[in-house]
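Shown next, in structure tokens, is the structure this report addresses.
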Amino acid sequence: MGTEQAAFLERAIEQYGNATYTFAFRLTHNEADARDLTQEAFLRVYRAWQSFKPGTSFLSWIYRIVTNLHRDELRRRKGRYLEEIPEDHDTHYFGGERPLAVAPIDDYVESQFSEPLARALDELGAEQRQIILLADVEGFSYQEIAGIIGCSVGTVRSRLHRTRGLLRRLVSAQMSSRR
Amino acid sequence: MNDRHLTPDEIVDYLHGELPITRDAAVAMHLAQCRTCAEAREAEAALTEMVRAVAQKQERTVPSAMMSSIRAAAERPPQRASRPFWFARPLVALPVALAAGLAIWLGMRSFTVNPPKPSIAAGYLVDRHAITSAIAPFADDAPIPPVFASDNAPR
């Protein structure tokens with residue numbers, strides 16, 4: 001192992017190991033898969049360390065690697081990654097109609113909401129979970145997300161809108177079933 | 001702006017800071033005046049907060065064993081997934097293909113530059129000419145019979 005290359009790896013693991021592992025776990029919901037993804041991602045980083053451009057976001061880079069590895073793995077397993085995201089053709093205007101989110105979300109604030117939401121997140125496909133994680137949890141911009149998952153900003157935008165709409169419906173369903 | 005309510009998509013883009021600056025200002029102004037849209041904004045913001053809260057419970061710390069195995073894997077030379085057949089490897093396949101192409105080209109060239117010589121005897125050509133002249137005496141390539149040739153002769 002070259003000294004500089006080894007130092008780069010050490011620094012990367014030290015600074016971004018936890019974040020990467022957490023991101024991988026949130027994507028997969030599985031410890032073993034998250035470990036494999038994280039390990040493989042850092043190996044890729046190690047091998048391609050010279051292609052990293054100083055001044056750019058390391059986190060975006062390694063998340064892109066994790067995302068690609070995860071997608072490849074799911075394709076290999078022919079999992080639910082390629083599932084279509086249901087189109088959200090419901091009304092977008094709610095003058096006179098309340099948005100689906102309002103009533104259940106108010107309930108969550110007043111009561112225990114994390115369990116139904118966690119279940120709803122579990123029900124999302126990998127691609128959908130990915131967009132929610134990157135936009136809402138990690139707080140990346142649409143432009144950054146487009147770079148990470150390799151699509152256009154418009155796709156990020158529409159995918160996020162659809163996924164949030166779906167999440168609202170799933171949470172509503174979870175809440176209804178609890179009552 | 002005030003004649004219609006905001007769409008959930010606009011509110012999501014607004015919360016993510018993804019609206020163009022002029023639109024962002026207009027949305028902010030609308031939210032300050034419209035209770036319905038302000039509630040919808042609160043609901044979207046609450047959804048984001050809850051997603052974050054759930055995600056926070058999933059935070060992980062890299063186990064030291066995993067760090068060791070990453071280091072160990074990095075020290076090992078990368079393994080090749082599978083060795084292709086020798087003729088499919090580019091370093092071998094390319095020269096072989098070039099040599100084969102050259103051999104074919106040279107073979108064809110020698111065939112066309114030095115075609116095999118005809119083995120027909122000259123006597124055959126003479127006989128064939130005589131036969132043709134007898135059958136079609138007025139053909140373009142037929143020799144002029146002496147009777148016509150004499151007409152053209154100077155008198």
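So you know, we letter chains A, B, ... as the sequences are listed, proteins then strands, and number each from 1. Computation of the quantities below employed the complete heavy-atom set of this structure, encompassing side-chain atoms and omitting hydrogens, waters and symmetry-equivalent molecules.
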Portion of Val62(B) that has a non-hydrogen atom of chain A nearer than 4.5 angstrom: both
Tell me, for Gln56(B) versus chain A, whether the close heavy atoms (under 4.5 Å) come from the side chain, the backbone, both or neither. backbone
Select one option (side chain, backbone, both, neither) describing which atoms of Glu40(A) are under 4.5 Å from chain B's heavy atoms. neither
Heavy-atom contact with chain B under 4.5 Å, split by part of Phe25(A): side chain
Ile21(B), CD1 atom: more than 12 neighbouring heavy atoms under 6.0 Å: no
Other residues, nucleotides and ligands only: do more than 12 of their heavy atoms fall within 6.0 Å of CD on Glu31(A)? yes
Calculate, to the nearest 0.5 Å, the distance between atoms [atom1] and [atom2] belonging to [X] and [Y] respectively.
{"X": "Arg52(B)", "Y": "Leu117(A)", "atom1": "CZ", "atom2": "CG", "result": "13.0 Å"}
{"X": "Leu9(A)", "Y": "Arg71(B)", "atom1": "CG", "atom2": "CZ", "result": "7.5 Å"}
{"X": "Leu167(A)", "Y": "Thr48(B)", "atom1": "CG", "atom2": "OG1", "result": "9.5 Å"}
{"X": "His16(B)", "Y": "Asp136(A)", "atom1": "NE2", "atom2": "CG", "result": "3.5 Å"}
{"X": "Ile13(A)", "Y": "Ile70(B)", "atom1": "CD1", "atom2": "CD1", "result": "4.5 Å"}
{"X": "Arg164(A)", "Y": "Leu15(B)", "atom1": "CZ", "atom2": "CG", "result": "7.0 Å"}

Solution key, residues 144-152 of chain A side-chain donor-acceptor pairs under 3.5 Å, sequence neighbours excluded:
from: Glu144(A); atom 1: OE1; to: Ser141(A); atom 2: N; distance (Å): 2.8
from: Glu144(A); atom 1: OE1; to: Ser141(A); atom 2: OG; distance (Å): 3.3
from: Ser152(A); atom 1: OG; to: Thr155(A); atom 2: N; distance (Å): 3.1
from: Ser152(A); atom 1: OG; to: Thr155(A); atom 2: OG1; distance (Å): 2.8

Kindly indicate whether the side chain of [X], heavy atoms from C-beta on, has any atom under 4.5 Å from the side chain of [Y].
{"X": "Met67(B)", "Y": "Phe42(A)", "value": "no"}
{"X": "Leu133(A)", "Y": "Val51(B)", "value": "no"}
{"X": "Glu59(B)", "Y": "Arg26(A)", "value": "yes"}

If every non-hydrogen atom of [X] is compared with every non-hydrogen atom of [Y], which pair is closest and at what distance?
{"X": "Leu47(B)", "Y": "Arg168(A)", "result": "CD2-CG, 4.0 Å"}
{"X": "Ala74(B)", "Y": "Tyr46(A)", "result": "O-CE2, 3.3 Å"}
{"X": "Thr22(A)", "Y": "Gln58(B)", "result": "CG2-O, 3.8 Å"}

Of Val54(B), Asp13(B), Val12(B), the largest count of non-hydrogen pairs under 4.5 angstrom with chain A goes to Asp13(B)
Do Gln143(A) and Glu18(B) pass the side-chain contact (heavy atoms from CB on, under 4.5 Å) test, and can you show the C-alpha distance, the side-chain angles, and the key distance before you say yes or no? CA-CA 9 Å; Gln143(A) 184 73 53; Glu18(B) 295 285 348; over 6 Å; no
Can you tell which of Arg157(A), Glu138(A), His29(A), Glu14(A) has the highest number of heavy-atom pairs within less than 4.5 Å of chain B? Arg157(A)
With no hydrogens and no angle check, do the side chains of Ser69(B) and Arg35(A) hold a donor and an acceptor under 3.5 Å apart? no
Leu43(A) and Leu59(A): same hydrophobic cluster, using ILVMFWY side-chain contacts below 4.5 Å? no
Give a yes or no on whether the backbone of Thr61(B) and the side-chain of Asn18(A) come within a donor-acceptor separation of less than 3.5 Å. no
